[in-house]
Amino acid sequence: MKIGVLFFGVLKDVVGRSGETVDLPEGARVREVLFHYARETPQFEAMAPSLAISVNQEYSGTDRVLREGDEVGLLPPVSGGSSEDGSAKDGSAEGGDEVPDKVPGEVQIVREPIDREAAVARLKRPADGAAVIFDGVVRDNTRGRRTLYLDYEAYEAMALKQMESLAAEARARFGVRAASIVHRLGRLEIGETSVLIVVAAAHRDAAFEACRWIIDTLKKTVPIWKKEYFEDGAVWADGEAFPEEIRRP
């Protein structure tokens with residue numbers, strides 16, 4: 001049977017391609033895909049413990065049985081950037097289990113500059129007591145090296161699903177009315193916005209907590225990678241290890 005395999009970030013450079021189709025016997029499991037590339041590329045075997053795996057745009061374990069036409073994503077740690085204390089904060093919903101209505105267009109992946117004012121205006125309502133904004137900006141340095149620009153890539157369909165899930169969970173977990181996540185792909189210059197998160201709620205505490213939780217979780221779980229360009233070369237940004245519940249060595 002034929003299985004599609006996709007590579008991203010630094011893994012794409014290691015195997016020398018972004019994707020291909022492989023032939024596997026009927027009933028093969030995800031682990032057979034890992035064995036296939038470990039035999040082919042020694043560097044892949046060394047990286048395998050840090051990878052997450054998706055099947056048809058959902059995180060998956062290695063025991064899953066594959067079927068004809070399945071799409072397997074081999075995902076190195078995402079673009080990352082840890083919070084100050086190294087962990088995302090848990091929260092509890094203040095407004096019960098009811099999830100507020102979804103705001104149309106609240107989750108987007110774009111390739112043009114992000115319009116912050118428009119995103120905030122789209123979300124705010126007269127009943128809101130707070131609108132908390134996280135504006136992720138491209139800085140001009142990384143670990144002492146002068147950054148020229150960044151280039152973001154994503155497993156786009158899966159990233160959108162993960163972002164939509166984060167927005168829905170934030171509404172339920174923290175009791176906020178609305179949460180918007182907009183992430184940009186492609187080349188970004190210094191000072192431009194890479195990700196914009198806006199959370200609207202009746203009370204500021206819930207809005208702050210939800211906004212912090214969204215960005216911390218996004219940076220660990222959403223399949224988006226960034227490449228940093230310097231005067232003397234370019235590297236894929238080191239990502240944090242995937243959370244244990246989705247990492248499947």
Side-chain angles (χ1 to χ4, degrees), residues 3-22 30-55 57-62 71-83 86 109 111 136 138-163 183-190 194-195 215-249:
I3 303 297
V5 183
L6 301 176
F7 310 100
F8 298 93
V10 66
L11 190 58
K12 181 173 63 177
D13 294 346
V14 167
V15 299
R17 50 200 179 275
S18 60
E20 63 185 358
T21 300
V22 297
V30 168
R31 69 168 66 91
E32 300 301 327
V33 177
L34 299 181
F35 293 154
H36 173 82
Y37 290 104
R39 290 191 295 268
E40 181 182 279
T41 309
Q43 278 183 278
F44 179 92
E45 185 173 12
M47 292 181 64
S50 68
L51 302 180
I53 301 161
S54 67
V55 177
Q57 303 164 14
E58 299 288 345
Y59 285 115
S60 172
T62 57
E71 181 179 88
V72 176
L74 300 178
L75 315 175
V78 294
S79 60
S82 61
S83 57
I109 288 179
R111 286 172 174 77
V138 178
R139 63 177 180 266
D140 66 0
N141 68 92
T142 301
R143 296 179 295 278
R145 301 171 73 185
R146 187 167 77 87
T147 303
L148 301 180
Y149 62 92
L150 301 181
D151 198 341
Y152 281 88
E153 75 167 34
Y155 188 178
E156 193 165 340
M158 184 175 176
L160 277 170
K161 287 182 180 180
Q162 292 292 317
M163 289 161 60
H183 206 298
R184 187 174 168 192
L185 301 182
R187 175 169 169 158
L188 275 72
E189 306 296 339
I190 303 304
S194 61
V195 57
I215 187 58
D216 285 351
T217 308
L218 182 151
K219 287 291 186 178
K220 294 179 179 180
T221 64
V222 176
I224 297 174
W225 298 269
K226 71 179 176 184
K227 197 167 192 177
E228 300 172 301
Y229 286 80
F230 308 100
E231 291 176 326
D232 57 350
V235 296
W236 290 100
D238 292 333
E240 262 190 274
F242 284 100
E244 184 62 32
E245 62 269 22
I246 64 174
R247 191 174 74 245
R248 299 290 186 270

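FYI, side chains are in, hydrogens and waters are out, and symmetry mates aren't considered; it's all heavy atoms of this structure.
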(request) Kindly assign one of parallel, tilted or perpendicular to the pair F44 and Y37, based on the angle between their ring planes and the thresholds 30° and 60°. (result)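 Judged by the thresholds at 30° and 60°, the geometry between F44 and Y37 is tilted.
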(request) Can you label the angle between the Y152 ring and the H183 ring as parallel, tilted or perpendicular, going by 30° and 60°? (result) perpendicular
Does [X] reach the main-chain N or O of [Y] with its side chain, forming a donor-acceptor pair under 3.5 Å?
| X | Y | result |
| --- | --- | --- |
| Y229 | R187 | no |
| S194 | G136 | yes |
| E20 | V5 | no |

(message) With side chain to side chain contact (heavy atoms under 4.5 Å, CB included) as the criterion, how do F8 and V78 come out once you've worked through the C-alpha distance, each side chain's angles and the decisive distance to 0.1 Å?
(response) CA-CA 9 Å; F8 298 93; V78 294; over 6 Å; no
Tell me, please, which residues at least two apart from [X] pass salt bridge (charged side-chain N to carboxylate O under 4.0 Å, His left out).
| X | result |
| --- | --- |
| E228 | R143 |
| D13 | K227 |
| E156 | R111 |

Can you tell me how far the [atom1] atom of [X] sits from the [atom2] atom of [Y], to the nearest 0.5 Å?
| X | Y | atom1 | atom2 | result |
| --- | --- | --- | --- | --- |
| Y59 | I53 | OH | CD1 | 11.5 Å |
| K12 | W225 | NZ | CH2 | 9.5 Å |
| I224 | R184 | CD1 | CZ | 13.5 Å |
| L188 | T147 | CG | OG1 | 12.5 Å |
| T142 | D238 | OG1 | CG | 10.5 Å |
| L150 | I190 | CG | CD1 | 6.0 Å |

(message) Checking E189 against V138 for the side chain to side chain contact (heavy atoms under 4.5 Å, CB included) test, could you report, in this order, the C-alpha distance in whole Å, the side-chain angles of both residues, the deciding distance, and whether it holds?
(response) CA-CA 7 Å; E189 306 296 339; V138 178; over 6 Å; no
Contact summary for [X] and [Y], nearest pair of heavy atoms:
| X | Y | answer |
| --- | --- | --- |
| V222 | Q162 | CG2-CB, 3.9 Å |
| L148 | E231 | CD1-N, 3.7 Å |
| Y155 | Q57 | OH-CG, 3.5 Å |
| G9 | P76 | CA-CG, 4.4 Å |
| A154 | A159 | CB-CB, 4.4 Å |

(message) According to salt bridge (charged side-chain N to carboxylate O under 4.0 Å, His left out), does anything in residues 34-54 pair up with another residue at least two apart or in another chain? List the pairs.
(response) R17-E40
(message) Restricting to side chain to side chain donor-acceptor pair (under 3.5 Å), what partner residues turn up for D151, sequence neighbours left out?
(response)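 Scan of D151 (side chain to side chain donor-acceptor pair (under 3.5 Å), adjacent residues dropped) gives none.
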(request) Go through the structure and list residues passing side chain to side chain donor-acceptor pair (under 3.5 Å) with E32, not counting sequence neighbours. (result) none
(message) One pair to check against side chain to side chain contact (heavy atoms under 4.5 Å, CB included): L74 and L34. What are the steps and the verdict?
(response) CA-CA 9 Å; L74 300 178; L34 299 181; 3.9 Å; yes
